[in-house]
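Quick caveat, the model's predicted, so the values are computed rather than measured. We name chains A, B, ... by the order of the sequence lines, and we start the count at 1 in each one. Computed from heavy atoms alone, side chains included, the values below leave out hydrogens, waters and symmetry copies.
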Amino acid sequence: MAKPPKRTTGPRRSARTDGVPPGIFARLPQNTPLGRWSKALTDAQRLELYSWMRMTRTLEERLVALYKQTKVVGGLFRSLGQEADAVGSAYALRPRDILSPLIRNMGSMLVKGATPLEILRQYMAKGDSPTRGRELNIHFGDLERGFVGQISHLGDMVPVMAGVALSFKLRNEPRVVLVYVGDGATSTGAFHEGLNFAAVNQVPLVCIVENNGYAYSTPNRKQFAGEWFSDKAAAYGIPGVRADGNDVLAVYDATKDAVERARSGGGVTLVELVTYRRKGHAEHDNQSYIPPGELEWWAANNDPIDRYVERLTTEFKVRPAELAAIDARIAAAVDAATDEAERSPMPEGPDALVGVYADPPVMPAEWYREGVTKAVDRHERPASWGTSGGE
Amino acid sequence: MAKPPKRTTGPRRSARTDGVPPGIFARLPQNTPLGRWSKALTDAQRLELYSWMRMTRTLEERLVALYKQTKVVGGLFRSLGQEADAVGSAYALRPRDILSPLIRNMGSMLVKGATPLEILRQYMAKGDSPTRGRELNIHFGDLERGFVGQISHLGDMVPVMAGVALSFKLRNEPRVVLVYVGDGATSTGAFHEGLNFAAVNQVPLVCIVENNGYAYSTPNRKQFAGEWFSDKAAAYGIPGVRADGNDVLAVYDATKDAVERARSGGGVTLVELVTYRRKGHAEHDNQSYIPPGELEWWAANNDPIDRYVERLTTEFKVRPAELAAIDARIAAAVDAATDEAERSPMPEGPDALVGVYADPPVMPAEWYREGVTKAVDRHERPASWGTSGGE
Amino acid sequence: MASEITYLEAIREALDEEMQRDPNVFLMGEDIGAYGGAFKVTDGLLAKYGESRVIDTPISEAGFVGAAAGAAHMGMRPVCELQFIDFISCAYDILTNYVATARYRAFLPCPMVVRGPSGGYVRGGPFHSQNPEAAFLHTPGLKIVYPSTAEDAKGLMKAAIRDDDCVLFFEHKYLYRRVKGVMPAGDHVVPIGKARIARAGTDVSIITYAATVYKALEAAEQLAAEGVSVEVLDLRSLLPLDDEAIQATVKKTHRVLLLHEDTRTGGIAGELSARINETCFAWLDAPVLRVAAADVPLPYAPPLEDYVLPQTADVVKAVKHLIAW
Amino acid sequence: MASEITYLEAIREALDEEMQRDPNVFLMGEDIGAYGGAFKVTDGLLAKYGESRVIDTPISEAGFVGAAAGAAHMGMRPVCELQFIDFISCAYDILTNYVATARYRAFLPCPMVVRGPSGGYVRGGPFHSQNPEAAFLHTPGLKIVYPSTAEDAKGLMKAAIRDDDCVLFFEHKYLYRRVKGVMPAGDHVVPIGKARIARAGTDVSIITYAATVYKALEAAEQLAAEGVSVEVLDLRSLLPLDDEAIQATVKKTHRVLLLHEDTRTGGIAGELSARINETCFAWLDAPVLRVAAADVPLPYAPPLEDYVLPQTADVVKAVKHLIAW
Ligand SMILES: Cc1ncc(C[n+]2csc(CCOP(=O)(O)OP(=O)(O)O)c2C)c(N)n1
Ligand SMILES: Cc1ncc(C[n+]2csc(CCOP(=O)(O)OP(=O)(O)O)c2C)c(N)n1
Ligand SMILES: [Mg+2]
Ligand SMILES: [Mg+2]
């Protein structure tokens, strides 16, 4: 070829404490200057953002209480410290847009219309929960409201949501799809195949990498030899963006840029939101693997709600009383939802046989249950016994 | 965070004909200036490179003849026009280094010591072929000589070879691993998981992407929304390199840089070799999907052997007679190997049962074969017939 | 006046008719567009329906099978081609965990078809000859069909595309161009879950599917000459199985041979044997026997492949053993 | 004086002893190092053996299982932990196509173990309760073990690590801390391919493995009170199966109940039923019956999971049915 081979070099790794964005200790976080979209937010919308973040935290705290009372069946997953990335990104969608949450995106689901009652019932495995007790925690969805339930297998939602986006493109619907993955999930083959498929087909998809520093106990440096997950965009020929995941307005701006680019035919964007997981992978995780001081530093210096409250009350002149009123309304709502969820019945065993297929609608019960004996009735041997050959 | 979010943008796509590197029609290919390694090659070594390229082409042409005589069982895969990338890259390895070839890397295997006789017997499914007739074409290996047989499933060799490299690292052996993938195989999840695993563990692995413009009938633009596959290195935090795959000395330099960096603990490198697949995916493929003129252009203007011969005879003052002598020697060797391979016996059926496991060494033959009846001897019902309960 | 077409053409005809009938039906796969697919099953469909309904994908089985599920949730009816069914293993996670459970755990409809050339007897070696059906048999939520005739290939493909759940559609590449049939007139749909009596008989039942149906029929022919009347049941659908038809033939002949191309251990014959035992025990005059591939990866050289795969002579020998019982 | 340890501790002890014995043994998996694994099976091993022998991996099951194969070719003996066995589906292609065939097609040894917490009865829902063994049963080249006792967990793990082929080692998470045992002194290795009589009896045989061994034993206890003598055979190894032991118990009791936690359709009981039929037909006084999970994804709510999975009462009822036959 004409020009001599060019060497492009991968990102250098800057020294940093595991899982903590470089320089995060160097300076205290500063808010990103308002962008095109956040500038246009009304007072009411800014308060709405606040309420979703507060609702997320309050509801999760309630779940912790229920978990301690062993009323939660299975594990409990927190998004403490990540409320801004979940809420701000989902807020960038329109009603007909669809997202697929991760385990730490309860906030995104709330924005999309999931109710505390649904979530409480899910965690308690109630028969009237959205999945009728079939799936755990926030693994549920509603196409009407615009969220698709995830499965546990990390990465799989990327190709699936790429397909949802493909259907929008094929039908020329001006709708956008948002799929969340964690820093850890970016290592899966499904993430790679799904994102590449989406990029090649230029479907309206935004993939958000929530970089919270850890995958269970695994710090970023054991997950990825590079520095920023947004650099992975180059592998798909798509734009890669990075934003402060604990600045809800920055999250909103960065996500909305990508969402509206997708809506206008601009294809796929990879958005990295840098945040921090302040609780363990799940409630049982004692976080013994976290370097000393790290948790405390984030709690003290970079809590997304504290930062937003500070900003609302100073920059946007919101009166503390307004926020207090919102908090009270949310607390009451969560109380009411808890009482109702606790009253909900557990599912009935036989419901487990319903709806595996559209046809047949119900699977047969095992013969040794409820006097079903068909499959093994004592056989009456026909006349032809012994003689070989048939009737 | 301190600084406002930085946007890193994916590579722009420059207009080009499907599968043809941009600008390739703009200028005739020019040889890359000699690098550190190729400068150090002796006359004998430069001729050795030539012989392996010639051997590759001559042997494949022989296989085509045998294929037409239906003496080849199964498909035949050509590397016409890609001999330089296969030979030049493998030549950068030391004897104890290990590579895993792709279907178009017969040349790499020859460099590593595979013989024409072995390859001919493989293609003819002979009982004394390296896999005793179990696997097809060049799907065979030899750890001693340093090549691992690939399987058909694309991408899978990347994690496997990452593991071979891991064993070298764990044992502090100064050995390097080279794994080949095609442009198409970069879309697989296995490629992604394997390369990321290798990068994170900084194992001595070099991954070569042979960009030959097509995956079967699929042009690059339907495989990847970016421009160069070397850009994918950023997704793994490793260096990405690109070289003219039809310039055997450039291939050698670029690969050897990566190989020696790996040997000295520098970890993984992604090397893109830009070449062109002049034959169909396999012999049966009529290439109807290729834009008019493309094949002809490459044959006329960018044949790696023609380019190297030109260079040898001018730049390196090799006498045409020397090359002719090599060609003759190779032709004779291939003739002899062909005769011997044709004399080889086909395998015996029962050998199919041998060596699935170390223990048991042989699988049982089906009872209806060779009078084996054990499994279904006519049962003699014991005295206890009819009475329930045992002896 | 309908003329004979091949098994392969029958599949193409079904795809074509369904794409014509329903604009939500579209195809995805590697090299299925301009090239028409490795076996040319989709040949001509790109020209007819365009790039938005015949989509060439990157080499990403999990990627496009997963994308099919997402599109299916939104009302599309994707049909995915695996270039060889052997590569379905790369989509195993997505199919068994995501697709199969979508309706049950999330009430998400997932109407999609995953199809591809399967099976051996073609010197394809260990990675181009597989029969992966048994690996999906214990995955509730999936359906599996594996036709042996051109008529069924067409009729089952149409049923699969119209089914509201995911159907794995195995096509036997040995049969692609070897078997032909005249398509029934009109909208020819073969219901999923119904077996077919390929040959009626009274002494022994051979229960099989796909390419080995023909081994069974050849054996039946030879045995007829010796006065043995063999009934051959072609399952066609493997999930759900046609228990009625299976029980009917067992209760008719009292002797059963299960025949398939997959390995003996872990092949579908195990499930069949268990069901027959549970429901027809007293009708059995002899043990239910299996003729299947040896428990080895399928080798490539003709003498090896022939030795590993079930042959007509094996079937004849096994049937005689049952008769002599 | 050896004291009781749990099933989980027994596995850890086996890993520890084998790492001590053979420097080529090393561990890979997600969160197995500092964290000690999701269930703490590898707890303490990082401190003892260091980062080069206890490797935390990215979330890439195909990546590190594939890497294990490459390392195994070179003489290492990797043991891979899947955080939950449910994620083995992500390595299905590598395991069935690359690993299982390596020795056969390329004469490459592939001594490796793939282990992980499996099974239900723990309210884990559809993706943390799976029993994938049947999906690998028709893959020649793999071995499969699934212990039910602490002693077997240790002895089989040691055998698996020393085996020259790939062994899938399923650990039942319900048993991790519920069952305990005193480890036999010395180098305790349990041979792969040998079943174990968990309880001797004369009237009916229950053939099972893993957690349902305890359902069988509970049922046997209840039935003994009613004068029914039940023999319980714990398979321990699923590939290869112990045909001798299976035939011996069938020929002893003439009545067989197959019991497992996997779904009825496509579960391993099918293969067992077929083998029993082929080899012990004339000894059977009743049909071989199956008690297994209903054919649905495993739901999460306690009443649903309890309804879907086999319970002791189901086993009792099925045994009585066999006796009454
Ligand atoms: C394919 C797969 N492998 C392993 C797991 C087990 N697992 C569940 S969550 C988790 C960590 C996820 O980390 P990340 O993607 O960063 O998300 P985060 O929890 O930090 O939000 C792991 C390993 C899984 N769910 N899927
Ligand atoms: C996982 C997988 N999917 C599909 C195939 C079928 N297949 C074999 S070769 C090939 C094209 C490979 O293209 P590329 O990687 O560019 O290599 P090239 O043939 O160009 O050298 C395809 C799709 C395969 N072998 N493996
Ligand atoms: Mg994370
Ligand atoms: Mg290519």
Pair count under 4.5 Å, heavy atoms only, with chain D: among A:R132, A:M124, A:Q223, A:M346, highest is A:Q223

Heavy-atom contact with chain D under 4.5 Å, split by part of A:D156: neither

Tell me, side chain or backbone of D:A292 under 4.5 Å from chain A's heavy atoms, or both, or neither? backbone

Provide the closest heavy-atom pair for A:A125 versus D:A301 in the form atom of the first, atom of the second, distance. O-CB, 3.6 Å

Under the 3.5 angstrom rule, does the side chain of A:R134 hit a backbone N or O of D:P297 as a donor-acceptor pair? no

D:V291, part contacting chain A, at a heavy-atom distance under 4.5 Å: both

CG (D:L257) and OH (A:Y368) are apart, to the nearest 0.5 Å, by 8.5 Å

Charged N to carboxylate O under 4.0 angstrom, A:E366 versus D:K317? no

As an exercise: rank D:D295, D:V315, D:V296, D:D314 by heavy-atom pairs under 4.5 Å with chain A and give me the winner. D:D314

D:D31 to A:A215 - nearest heavy-atom pair and separation: OD1-O, 3.3 Å

Roughly how far, to the nearest 0.5 Å, is the OG atom of A:S152 from the CD atom of D:Q83? 11.0 Å

Where on A:Q287 is there a heavy atom nearer than 4.5 Å to chain D: the side chain, the backbone, both, or neither? neither

Check the pair D:E61, A:H153 against side chain to side chain contact (heavy atoms under 4.5 Å, CB included), reporting the backbone distance first and the verdict last. CA-CA 11 Å; D:E61 287 74 14; A:H153 291 65; over 6 Å; no

Interface moiety of D:A293 toward chain A, non-hydrogen atoms closer than 4.5 Å: backbone

Does any donor atom in the side chain of A:T218 or D:D56 lie under 3.5 Å from an acceptor atom in the other side chain? no

Within the supplied structure, the quantity of interest is the number of heavy atoms (other residues, nucleotides, ligands) at a distance under 6.0 Å from A:E342 CD; does it exceed 12? yes

Evaluate side chain to side chain contact (heavy atoms under 4.5 Å, CB included) for A:E135 paired with D:F127, printing each intermediate quantity in order. CA-CA 9 Å; A:E135 251 282 34; D:F127 307 116; 3.0 Å; yes

Please identify, among A:T188, A:V73, A:L154, the residue contributing the most non-hydrogen atom pairs under 4.5 Å to chain D. A:V73

Quick check against the 3.5 Å criterion: does A:S187 have a side-chain atom that pairs as donor or acceptor with the backbone of D:S60? no

Could you check which of D:P126, D:P310, D:A38 has the highest count of heavy-atom pairs closer than 4.5 Å to chain A? D:P126

Check whether A:L136 gets within reach of chain D through its side chain, its backbone, both or neither, counting any heavy atom under 4.5 Å. both

Relative to chain D, which segment of A:V356 carries a heavy atom at a distance below 4.5 Å: side chain, backbone, both, or neither? side chain

Contact between D:Y307 and A:P350 at the side-chain level, heavy atoms closer than 4.5 Å - yes or no? yes

D:L304 and A:G349: which non-hydrogen atoms are nearest, and at how many Å? CD2-O, 3.7 Å

Counting heavy-atom pairs under 4.5 angstrom with chain A, the leader among D:E305, D:H128, D:R290 is D:H128

What are the two closest non-hydrogen atoms of D:V308 and A:A352, and how far apart are they? CG2-CB, 3.5 Å

May I have the step-by-step check of side chain to side chain contact (heavy atoms under 4.5 Å, CB included) for D:Y35 and A:H281, ending in yes or no? CA-CA 11 Å; D:Y35 193 70; A:H281 173 60; over 6 Å; no

For A:M363 and D:R264, what are the C-alpha separation, side-chain angles and deciding distance, and is it a side chain to side chain contact (heavy atoms under 4.5 Å, CB included)? CA-CA 12 Å; A:M363 301 305 277; D:R264 158 180 297 272; over 6 Å; no

Where on D:A62 is there a heavy atom nearer than 4.5 Å to chain A: the side chain, the backbone, both, or neither? neither

Ranked by heavy-atom pairs below 4.5 Å to chain A, first place among D:I55, D:D306, D:T57, D:D86 goes to D:D86

Please look at A:Y216 and chain D and tell me whether the side chain, the backbone, both or neither of the residue comes under 4.5 angstrom of a heavy atom of that chain. both

Using a 4.5 angstrom heavy-atom cutoff, name the option from A:T186, A:L353, A:N286 with the most pairs to chain D. A:L353

Pick one of side chain, backbone, both or neither for A:A185, based on which atoms fall under 4.5 Å of a heavy atom in chain D. backbone

